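Quick caveat: nothing in here was measured; it's all calculated off a predicted structure.
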Amino acid sequence: MNEQTKTAHYHLPGLFEFNELYKSFLPIYKNHREYFYPWCDIASIYGSPADCLWGGGRVGFGDADVNAVLSLMKEFQISSRLTFSNSLLKNEHLSDKKCNELCRQFASTAATDSKPDTAGNTNSCGTPDTSANTATFRNGVILHSDLLLNYLRTKFPNLYFVSSTTKVLTDFNDFKTELNRDEFEYIVPDFRLNKDFENLKSLSDQQKDKTEFLCNECCWIKCQDRKLCYENVSRKSLGQNCPDHQCSAPDSQDGYVFSKAMKNPSFISIDDIQKVYLPMGFSNFKIEGRSLGSAMILEFLLYYMTKPEYQINVREMIYLDSSLDLF
């Protein structure tokens, strides 16, 4: 196993949606590392502002100022990712001013702040190893559309690209084909491939480095409508007047429940990460939750990153932040 695979790199939700939470959490994470597991770090935080034409995955509601967002991520040397996973884009949508300007700002920040890492102490987002004296990161875009991919690669070459889970890659051969595409630095397979260990262990080291597992999905394991659900969000982002997708999964009326997600056969626990995935050579783990609330995101941060004996400390420090409204 190489050095990188000894660390679990988390990709967290809510770049724009939960900026206020991260303004409180990240200083705690930086200044009290003893509270947190030594085997993990924060590689990136992803999301998008509200009303983005290129948006997808989940309906965005983020209202944080882009300059404030990028400034916070720069301060803590964390990669920022735009979630632009709309699957229904056409040529006429590529000129959207808001989305182009966001990409320009993200690319400009990456170009200004990225520095070569000659020591090899970073993952491919450029997030520095905490033991290294480096300060380098890049920003990226999560996307579905090849049309958008080709456009962004030409116009904003400083960005890196992530193949979105909205492609619903449930066939392992399709997933391998995606892994072999040089355009992408990360591929997020459908959550139903999480436990396909016989096939996963056959991947090369390079393919494993590009694999980013979705850990905490609550969606029904037998869902046949996942693509339709994502397409509905894409239509809404394009401003189309369409009814909400009606989920047919059992207990769908309950919405997202973390304790329920933990019972999903695809769920990746902290024990799984340490005892199964890291030893196999995988190191990238995505936490979903852009459409949830700050209180739920905090629970994810506590579960996946915080030692049990210090969870009360982190909770208290967050709750006592009078500027933060968790509920």
Handout entry: Side-chain (Asn194) to main-chain (Leu214) donor-acceptor, under 3.5 angstrom
Key = yes
Exercise for the section: Return yes if some donor-acceptor pair links the side-chain N/O of Lys201 with the main-chain N/O of Met280 below 3.5 Å, else return no. Expected result: no
Exercise for the section: Using distance alone, with no hydrogens and no angle criterion, decide if His11 and Ser44 have a side-chain donor and acceptor under 3.5 Å apart. Expected result: yes
Fill in the blank from the handout: Heavy-atom nearest pair, Ser79 first then Gly140, reads OG-N, 4.4 Å
Practice task
Could you tell me whether Arg81 and Glu212 have a side-chain N and a carboxylate O separated by less than 4.0 Å?
Solution key: yes
Exercise for the section: Output, in order, the C-alpha distance, side-chain angles, deciding distance and verdict of side-chain contact (heavy atoms from CB on, under 4.5 Å) for Phe76 and Ile45. Expected result: CA-CA 11 Å; Phe76 292 97; Ile45 303 179; over 6 Å; no
Practice task
Could I get the full list of side chain to side chain contact (heavy atoms under 4.5 Å, CB included) partners for Lys90, not counting sequence neighbours?
Solution key: Glu92, His93
Exercise for the section: Spell out, as yes or no, whether a donor-acceptor pair under 3.5 Å connects the side chain of Ser71 to the backbone of Asn67. Expected result: no
Handout entry: Over-ring placement of Lys286 relative to Tyr46, 6.0 Å and 45° cut-offs
Key = yes
Practice task
Taking the side chain as every heavy atom from C-beta outward, state whether His32 and Tyr310 have any atom pair closer than 4.5 Å.
Solution key: no
Handout entry: Tyr151 and Asn100: side chain donor to acceptor below 3.5 Å
Key = yes
Practice task
Tell me whether Ile312 is reachable from Phe300 by hopping between hydrophobic residues (I, L, V, M, F, W, Y) whose side-chain heavy atoms are closer than 4.5 Å.
Solution key: no
Exercise for the section: Write down the atom of Phe156, the atom of Cys103, and the distance for their closest heavy-atom approach. Expected result: CE1-CB, 3.6 Å
Handout entry: Thr165 side chain vs Pro189 backbone, donor-acceptor pair below 3.5 Å
Key = yes
Handout entry: Glu217 and Ser266 side chains, donor-acceptor separation under 3.5 Å
Key = no
Handout entry: Phe285 side chain near Asn216 side chain, heavy-atom distance below 4.5 Å
Key = no
Practice task
Evaluate the side-chain proximity of Glu17 to Leu292: yes if any heavy-atom separation is below 4.5 Å, no if none is.
Solution key: no
Problem - Test salt bridge (charged side-chain N to carboxylate O under 4.0 Å, His left out) applied to Glu75 - qualifying residues, sequence neighbours left out - result: none
Handout entry: Residue of the set Leu301, Leu298, Leu302 for which side chain to side chain contact (heavy atoms under 4.5 Å, CB included) holds with Gln311
Key = Leu302
Handout entry: Heavy-atom check, side chain of Phe16 versus side chain of Val66, under 4.5 Å
Key = yes
Exercise for the section: Could you check if a side-chain atom of Phe191 sits within less than 4.5 angstrom of a side-chain atom of Asn264, using non-hydrogen atoms only? Expected result: yes
Problem - Residues Asn86 and His144: side-chain donor-acceptor under 3.5 angstrom - result: no
Practice task
Output all residues satisfying ring-ring contact (aromatic ring centres under 6.0 Å, His included) with Tyr22, sequence neighbours left out; order by chain, then residue number.
Solution key: none
Practice task
Count the heavy atoms of every other residue, nucleotide or ligand shown that sit under 6.0 Å from CD of Gln206, and state whether that count exceeds 12.
Solution key: no
Handout entry: Euclidean distance, Arg153 CZ relative to Leu149 CG, rounded to 0.5 Å
Key = 6.0 Å
Exercise for the section: Could you tell me whether the side chain of Asn139 and the main chain of Phe106 form a donor-acceptor pair under 3.5 Å? Expected result: yes
Exercise for the section: Please report the shortest heavy-atom distance between Ser202 and Asn199, naming the atom on each side. Expected result: OG-O, 2.5 Å
Practice task
Report yes if some heavy atom in the side chain of Arg315 is under 4.5 Å from a heavy atom in the side chain of Glu299; otherwise report no.
Solution key: yes
Exercise for the section: Taking all non-hydrogen atoms of both residues into account, name the closest pair between Ser48 and Arg290 and its distance. Expected result: OG-NH1, 3.4 Å
Practice task
For Lys74 and Thr109, indicate whether the former's side chain and the latter's backbone hold a donor-acceptor pair under 3.5 Å.
Solution key: no
Problem - More than 12 heavy atoms from other groups under 6.0 Å of NZ on Lys195 - result: yes
Problem - Spatial distance of atom CD1 (Ile187) from atom CD (Gln207) [nearest 0.5 Å] - result: 10.0 Å
Handout entry: All side chain to side chain contact (heavy atoms under 4.5 Å, CB included) counterparts of Lys275, not counting sequence neighbours
Key = Asp271
Problem - NZ or CZ of Arg181 within 45° of Phe161 ring axis and under 6.0 Å - result: no
Practice task
Show your working on side-chain contact (heavy atoms from CB on, under 4.5 Å) between Leu12 and Ile78 and close with a plain yes or no.
Solution key: CA-CA 11 Å; Leu12 303 176; Ile78 295 172; over 6 Å; no
Exercise for the section: Could you check whether the rings of Phe175 and Phe172 sit parallel, tilted or perpendicular, using 30° and 60° as the cut-offs? Expected result: perpendicular
Problem - Between Phe258 and Tyr303, ring centroids under 6.0 Å - result: yes
Practice task
Heavy atoms only: give me the nearest Ser294-Phe18 pair and the separation to one decimal.
Solution key: OG-CD2, 3.3 Å
Problem - Within 6.0 angstrom of Lys98 NZ, more than 12 heavy atoms from elsewhere - result: yes
Fill in the blank from the handout: d(Ile287 CD1, Cys215 SG) to nearest 0.5 Å is 4.0 Å
Exercise for the section: Examine the side chains of Asp272 and Ser269 and answer whether a donor and an acceptor come within less than 3.5 Å of each other. Expected result: yes
Fill in the blank from the handout: For Cys52 and Leu102, the nearest pair of non-hydrogen atoms, with its separation, is SG-CD1, 3.8 Å
Exercise for the section: Would you check if Ile273 and Phe213 make a side-chain contact, meaning some heavy-atom pair closer than 4.5 Å? Expected result: no
Problem - Test side-chain contact (heavy atoms from CB on, under 4.5 Å) applied to Thr166 and Val188, step by step - result: CA-CA 9 Å; Thr166 61; Val188 186; over 6 Å; no
Practice task
Go through Leu143 and Trp54 one step at a time and tell me if the side-chain contact (heavy atoms from CB on, under 4.5 Å) criterion holds.
Solution key: CA-CA 9 Å; Leu143 42 72; Trp54 298 351; over 6 Å; no
Handout entry: Asn284 side chain vs Asp209 backbone, donor-acceptor pair below 3.5 Å
Key = yes
Handout entry: Nearest-0.5 Å distance, CG of residue Leu148 to OG of residue Ser87
Key = 11.5 Å
Handout entry: Asp41 side chain near His9 side chain, heavy-atom distance below 4.5 Å
Key = yes
Practice task
State the CD1-CZ distance between Ile42 and Phe25, to the nearest 0.5 angstrom.
Solution key: 5.0 Å
Practice task
Hey, could you give me the NZ/CZ distance between Lys97 and Arg104, rounded to the nearest 0.5 Å?
Solution key: 14.0 Å
Exercise for the section: Could I get the full list of side chain to side chain donor-acceptor pair (under 3.5 Å) partners for Asn313, not counting sequence neighbours? Expected result: none
Exercise for the section: Could you pull out all residues at least two apart from Tyr10 that satisfy ring-ring contact (aromatic ring centres under 6.0 Å, His included)? Expected result: Tyr304
